[in-house]
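Because the structure is predicted, anything quoted here is derived from the model rather than measured. Chain naming here is simple, since letters A, B, ... match the order of the sequence lines and numbering starts at 1 in each.
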2 protein chains.
Amino acid sequence: MSRKSIQRDAILQVIKNTTSHPGVDWIYDEVRKEIPNISLGTVYRNLRLLAQAGEIRELDIPGSAKRFDGDTSNHRHLICEKCGRIFDLYEAVDPKIEARIFQKTGFKVKRQYLKLIGLCSDCQKQEEQLKTYIYDNSLIKGGEK
Amino acid sequence: MSRKSIQRDAILQVIKNTTSHPGVDWIYDEVRKEIPNISLGTVYRNLRLLAQAGEIRELDIPGSAKRFDGDTSNHRHLICEKCGRIFDLYEAVDPKIEARIFQKTGFKVKRQYLKLIGLCSDCQKQEEQLKTYIYDNSLIKGGEK
DNA sequence: TTAAGTAATAGTAACCGTTACTATTATTAT
DNA sequence: ATAATAATAGTAACGGTTACTATTACTTAA
């Protein structure tokens, strides 16, 4: 990543200018508004380079495509299993765990990936509503998982 | 998963009889020793069914294919970033974190995925050796990442 | 300031893990 | 036994990602 490129700058800007945690497709679409004929391969290559350079973070979401985060500060993610949205969590992880593991096992922890899967408050409300419907009206709405 | 099948039983046995955390290819190879013409699709389908039924666990390793674990007890994984081996960790995760997150954010955590990436003790030794070579002989060996 | 050297690119093909499809086989309840 | 239908083998398709290749555009130094 020694030479500058307009494409890479544009990709970085797109990611830095959102607080969402976009996937490649979304990034590709956004960048094409600036550079209509940019190649998808260019997007992938530069995302890798930018992540390696530490300018962005690459998230891995179980069972779905890569996502990226322009916020490289130390934070974790809450993933709603219903709506798929990703929320930021600025909660420190117990730092003692690494020392304890090293003592016990000899394994040297370098990175902790703590992913918390659950329901965001919006989806909890929906679940509540759904329950009410079911109990009140004996209506069962399927396929919401 | 209402009817029994020889294929599914064989797949389950293969996974239960190893303490490694095998991927689909390895499982497929092992099962073919018993059932040579088993279909790869059958392996995938039954792995999904067995995981849904809670008889095995499906692991997701960042940037690599699915792996499975016949040990469904509550434990976590240490992943060596050098050799790729997966080690079991029977260390409880701070349970207070879930309550704290709910209080602060309203997000209801259902599952914690704590993956610890680092170096196993074997690979640490190799790294040490490598450093020694470099310092002693000014030999640089590349590509070991 | 131009020319040479070579990253980076666009466009496309290939790849790989996984899922979907379909005709056939095997299991279960009657 | 027979009917109903899960489950299978074999194969095709799929989606995300990477690899390839000829071309373009930075950068350095003459």
Side-chain angles (χ1 to χ4, degrees), chain A residues 1-15 20-53 55-69 79 84 86 143 145, chain B residues 1-15 20-53 55-69 79 84 86 115 142-143 145:
Chain A
M1 195 161 94
S2 49
R3 293 186 184 175
K4 64 170 278 214
S5 97
I6 291 157
Q7 288 84 349
R8 180 159 52 238
D9 290 348
I11 291 164
L12 183 57
Q13 281 319 305
V14 163
I15 298 171
S20 73
H21 303 78
V24 175
D25 287 354
W26 187 89
I27 296 166
Y28 183 44
D29 287 345
E30 286 299 307
V31 176
R32 265 193 300 185
K33 291 175 186 170
E34 294 284 316
I35 307 167
N37 69 329
I38 192 171
S39 171
L40 182 56
T42 298
V43 175
Y44 271 103
R45 180 167 23 78
N46 282 301
L47 288 172
R48 194 183 336 121
L49 292 171
L50 290 167
Q52 283 170 356
E55 305 214 49
I56 62 176
R57 268 178 68 188
E58 181 183 327
L59 315 180
D60 89 292
I61 312 303
S64 85
K66 287 175 181 172
R67 294 220 189 175
F68 294 85
D69 194 343
I79 302 159
I86 300 174
K145 178 58 191 298
Chain B
M1 196 162 94
S2 48
R3 294 184 184 177
K4 62 169 279 213
S5 99
I6 290 157
Q7 288 84 349
R8 180 159 51 240
D9 290 348
I11 291 165
L12 183 57
Q13 282 317 305
V14 163
I15 298 170
S20 73
H21 304 77
V24 175
D25 286 354
W26 187 89
I27 295 166
Y28 182 45
D29 287 345
E30 286 299 308
V31 176
R32 265 193 300 185
K33 292 175 185 169
E34 295 283 318
I35 307 167
N37 69 328
I38 192 172
S39 171
L40 183 57
T42 299
V43 175
Y44 270 103
R45 179 166 26 77
N46 282 300
L47 288 172
R48 196 186 332 124
L49 291 172
L50 290 167
Q52 282 169 357
E55 306 214 50
I56 62 176
R57 268 177 69 186
E58 181 183 328
L59 315 180
D60 89 293
I61 313 302
S64 85
K66 286 175 180 172
R67 294 220 187 177
F68 293 86
D69 194 343
I79 302 159
I86 300 175
K115 267 180 306 210
K145 177 61 188 298

In whole angstroms, the gap separating C1' of D:dC26 from CD1 of A:Ile6 amounts to 10 Å
Between the CG atom in B:Leu59 and the CZ atom in B:Phe68, the distance rounded to the nearest 0.5 Å is 8.0 Å
Rounded to the nearest 0.5 angstrom, the CD1-NE2 distance for A:Ile15 and A:His21 is 12.0 Å
A:Thr42 has its side chain closest, among D:dA9, D:dT17, C:dT9, to C:dT9
Between CD of B:Glu34 and C1' of D:dA9 the distance, given in whole Å, is 18 Å
From CD of A:Gln52 across to C1' of D:dT18 the rounded distance in Å is 14 Å
Review point. Ignoring hydrogens and angles, are the base of D:dT5 and the side chain of B:Arg3 linked by a donor-acceptor pair under 3.5 Å?
Key: yes
Between B:Gln7 and A:Val24, the residue closer to the 5' end of DNA chain D by nearest nucleotide is B:Gln7
### Query
Got B:Ile11 and B:Ile38 here, is their nearest side-chain heavy-atom distance under 4.5 Å?
yes
Whole-Å distance, A:Leu40 CG to C:dA13 P, equals 15 Å
In whole angstroms, the gap separating P of D:dC20 from OH of A:Tyr44 amounts to 18 Å
In whole angstroms, the gap separating P of D:dT17 from CZ of A:Phe68 amounts to 8 Å
Of A:Ile38 and B:Lys66, the one whose closest nucleotide on DNA chain C sits nearer the 5' end is A:Ile38
Can B:Arg32 be said to sit on top of B:Tyr28's aromatic six-ring, NZ or CZ under 6.0 Å from centre and within 45° of the ring axis?
yes
Checking A:Arg8 side chain against A:Val43 main chain: does a donor-acceptor pair fall under 3.5 Å?
no
Closest of D:dC26, D:dA9, C:dA10 to the A:Ser39 side chain is C:dA10
Fill in: Short side-chain N/O contact to D:dT8 OP1/OP2 from B:Asn46, under 4.0 Å
yes
When rounded to whole Å, the CD1 to P distance for the pair B:Ile35 and D:dA9 reads 7 Å
A:Leu47 CG to D:dT18 C1', in whole Å, measures 13 Å
Sorted by position of nearest nucleotide on DNA chain D, 5' first, the leading residue of A:Ser5 and A:Ser64 is A:Ser64
